[in-house]
Amino acid sequence: MTLSRLNFAAFVLILPLPAASVRILQTNSAGDSVHIIDPATNKVIGEISGIEVNHGVAAAPNGSRYYVSNEADRTLAVVDAKSLKVTKNIPLSGRPNNVAIGRDGRRVYVAIAVAPGAVDVIDTTSLERVKSIPVKGAVHNTYVTPDGKFVIAGSIPGKVLTVIDSQTDQPVWSVPFENGVRPITFETNPDGSTKRMFVQISELHGFTVVDFATHKEVARITLPDVPGVAKNLEGVQGSPSHGIGITPDGKTLFATSKWYGHVYAYSMPDLKYLGKVATGTIPDWLTFTPDSKSVYVACAGDNNVAVIDVKSIKVMTRIPVGETPKRNTTAVAP
């Protein structure tokens, strides 16, 4: 039988698509640099320099840009992901804290950490601030829900979590707390909508559980004390637990303890306690690899990032970074 009589498709070699490049972006709050970590090697492979008092960081969904808030000059730095150079500094309405980006990458939301409180909205096409959304209280953290429908603003002085409709840019409901709102993470329903929020607040060694549909707090989880370990009160800033996240596969929640220098793991959705591991002094924010195998914890007191194996809940390595690392995120470039 000749080749011409055969199905040509049988001779087409199907090659696997190249793996996406994953990067961990680590801010250093007491310096002027952001470190880029390759999780394949757990090495720092790049550095964004010249951003004073960098606070929050977000990555464009297509991997082309990074956005870093600059507290020193009250701007949002736009960074080219290839050259790691700042291409523009966008003026903001006030001193910023954390930042978040919409699912489609068209908008960046910046927490404005001065009274009376606002979320600045940045258009990523024009690279201009197009509006400021007033909310109650200076904003510490902003988030976009996994389905992209809502922007969440948490205020420490306002002691309130505000939910904003991302289509109308209007606050639609809120949840008050007895203390300031700190980091938040989200659980989704099967259709991708938000089911629960897990909210850390000031003076709580743990986190609260908020039902998204009813807008009510339904539970609280207190992280266990660590026998034989002295409670650290230095550098805690009124937030004994400041760092929380759920693995991308939705199976495990991790929360940090500044008091004890540990990270705690809970199964999802039942919140069964799985264990803890010592990470280092003042563990702050955390972020995951997309395959849910590793969690990267910024240890602000040790100037390094602890890399934890999700399955075994053990530290695999520690990566030296800059001064007082805090906020971090995971970037994926196609």
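For reference, positions follow the sequence shown, starting with 1.
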* Asked: Can you tell me if Asp302 uses its side chain to pair, donor with acceptor, with the backbone of Asn304 under 3.5 Å?
  -> no
* Same apolar cluster: Leu92 and Val119, side chain cutoff 4.5 Å -> no
* Shared hydrophobic cluster for Tyr273 and Leu271 (ILVMFWY, side-chain gaps under 4.5 Å) -> yes
* Asked: Do Ile313 and Val315 share a hydrophobic cluster (ILVMFWY, side-chain heavy atoms under 4.5 Å, transitive)?
  -> yes
* Structure fact -> Separation between CG (Asn54) and CD (Gln26), nearest 0.5 Å, reads 9.5 Å
* How many angstroms lie between atom CG of Asn62 and atom OG1 of Thr124, to the nearest 0.5 angstrom? -> 9.0 Å
* Structure fact -> Heavy atoms of Leu223 and Gly206 approach each other most closely as CG-CA, 3.7 Å
* Asked: Are a donor atom and an acceptor atom from the side chains of Asp165 and Gln170 found within less than 3.5 Å of each other?
  -> no
* Side-chain donor or acceptor of Thr27 paired with backbone N/O of Asn328 under 3.5 Å -> no
* **Distance (rounded to the nearest 0.5 Å) between Ile90 CD1 and Ser69 OG** => 12.0 Å
* **Test log, rule side-chain hydrogen bond (donor to acceptor under 3.5 Å, both in side chains), inputs Ser202 and Arg182** => CA-CA 7 Å; Ser202 298; Arg182 301 290 185 156; 3.0 Å; yes
* Asked: Under 4.5 Å between any side-chain heavy atoms of Ser155 and Pro157, yes or no?
  -> yes
* Measure from the side-chain N and O atoms of Thr329 to the backbone N and O of Val57, and report whether any donor-acceptor pair falls under 3.5 Å. => no
* Asked: Heavy-atom distance under 4.5 Å between the side chains of Val181 and Lys159, does that happen here?
  -> no
* Asked: Can the ring centroids of Phe254 and Tyr264 be said to lie less than 6.0 angstrom from one another?
  -> no
* **Chi angles and distances behind the side chain to side chain contact (heavy atoms under 4.5 Å, CB included) call for Val263, Val295** => CA-CA 10 Å; Val263 169; Val295 53; 5.7 Å; no
* Asked: Are Val209 and Leu274 joined in one hydrophobic group, where the rule is that I, L, V, M, F, W and Y side chains link up if heavy atoms are under 4.5 Å apart?
  -> no
* Test Phe212 against Trp173 for ring pair (Phe, Tyr, Trp, His ring centres under 6.0 Å), laying out the working first. => CA-CA 10 Å; Phe212 202 81; Trp173 51 274; 5.0 Å; yes
* **Full working for side-chain hydrogen bond (donor to acceptor under 3.5 Å, both in side chains) between Asp225 and Tyr260** => CA-CA 8 Å; Asp225 293 331; Tyr260 295 112; 2.9 Å; yes
* Structure fact -> So NZ of Lys82 and CZ of Arg65: to nearest 0.5 Å the spacing works out to 13.0 Å
* **Pair His205, Ser257: side-chain N/O donor-acceptor within cut-off below 3.5 Å** => yes
* Got more than 12 heavy atoms from elsewhere within 6.0 Å of CD, Glu178? -> yes
* To do: Salt-bridge test for Asp38 and Arg23: reply yes if a basic N is under 4.0 Å from a carboxylate O, no otherwise.
  => yes
* Asked: Are any of the side-chain heavy atoms of Glu187 and Met197 separated by less than 4.5 Å?
  -> no
* **Short side-chain donor-acceptor distance under 3.5 Å, Thr142 and Asn98** => no
* To do: Treat each ILVMFWY residue as a node, draw an edge where side-chain heavy atoms are under 4.5 Å apart, and state whether Val310 and Ile308 are in one component.
  => yes
* Taking all non-hydrogen atoms of both residues, which atom of Arg318 and which atom of Pro320 are closest, and how far apart? -> O-CD, 3.7 Å
* To do: Using a strict cut-off of less than 4.0 Å between a Lys/Arg side-chain nitrogen and an Asp/Glu carboxylate oxygen, indicate whether Lys88 and Glu128 qualify as a salt bridge.
  => yes
* Ignoring hydrogens and angles, state whether a donor on the side chain of Asp80 or Thr87 is under 3.5 Å from an acceptor on the partner side chain. => no
* Asked: So does Asp284 pair up with Arg327, basic N to acidic O under 4.0 Å?
  -> yes
* To do: Please test Ile244 against Leu286 for side chain to side chain contact (heavy atoms under 4.5 Å, CB included), starting from the C-alpha separation and ending with a verdict.
  => CA-CA 7 Å; Ile244 192 168; Leu286 52 81; 5.9 Å; no
* Heavy-atom closest contact (Pro39 atom, Tyr296 atom, distance) -> CB-OH, 3.1 Å
* Asked: Quick check: does any side chain N or O of Thr247 sit under 3.5 Å from a backbone N or O of Thr252, one acting as donor and the other as acceptor?
  -> yes
* Can you tell if the side chain of Thr185 reaches within under 4.5 Å of the side chain of Leu253, non-hydrogen atoms only? -> yes
* Check whether any side-chain N or O of Thr330 sits under 3.5 Å from a backbone N or O of Thr289 as a donor-acceptor pair, and report yes or no. => no
* To do: Test the Lys326-Trp285 pair against the cation-pi criterion, namely NZ or CZ under 6.0 angstrom from the six-membered ring centroid and within 45° of the ring axis.
  => no
* Within 6.0 Å of CZ in Arg106, more than 12 heavy atoms from elsewhere -> no
Identify all side-chain donor-acceptor contacts of residues 144-153 below 3.5 Å with residues at least two apart in sequence or on another chain.
residue	atom	partner	partner atom	Å
Thr145	OG1	Asp147	OD1	2.7
Thr145	OG1	Phe150	N	3.2
Thr145	OG1	Phe150	O	3.4
Asp147	OD1	Lys149	N	3.0

* **Pairing of Arg107 and Asp169 as salt bridge, 4.0 angstrom limit** => yes
* Run the numbers on Asp120 and Ser93 for side-chain hydrogen bond (donor to acceptor under 3.5 Å, both in side chains), then give the verdict. => CA-CA 7 Å; Asp120 277 4; Ser93 65; 2.8 Å; yes
* Could you give all pairs that pass the ring-ring contact (aromatic ring centres under 6.0 Å, His included) test and reach residues 29-87, with sequence neighbours left out? -> His55-His140
* Between Gly46 and Leu84, which heavy-atom pair has the shortest distance, and what is it? -> CA-CD1, 3.8 Å
* Asked: Does the side chain of Leu204 reach to within under 4.5 Å of the side chain of Asn179, using non-hydrogen atoms?
  -> no
* Return yes if some donor-acceptor pair links the side-chain N/O of Asn189 with the main-chain N/O of Asp191 below 3.5 Å, else return no. => no
* Asked: Between NZ of Lys258 and CG of Leu233, what distance do you get to the nearest 0.5 Å?
  -> 12.0 Å
* Which is it for Leu161 and Ile184 under the side chain to side chain contact (heavy atoms under 4.5 Å, CB included) test, yes or no, and what are the steps along the way? -> CA-CA 10 Å; Leu161 179 155; Ile184 306 165; 3.6 Å; yes
* Verify whether one side chain among Glu217 and Thr208 offers a donor that lies under 3.5 Å from an acceptor in the other. => no
* Asked: Given side chains that start at C-beta, do those of Val108 and Leu76 come closer than 4.5 Å, heavy atoms only?
  -> yes
* Asked: With respect to Pro183, which candidate in Thr256, Ile201, Asn141 satisfies the side chain to side chain contact (heavy atoms under 4.5 Å, CB included) definition?
  -> Asn141
* If you measure from CD1 on Ile24 to CD1 on Ile45, what distance do you get to the nearest 0.5 Å? -> 10.5 Å
* Salt bridge Glu52-Arg95, side-chain N to carboxylate O under 4.0 Å -> no
* Determine whether Ile51 and Glu71 make a side-chain contact, defined as any pair of heavy atoms from C-beta on separated by less than 4.5 Å. => no
* pair Val199-Phe177: side-chain heavy atoms closer than 4.5 Å -> yes
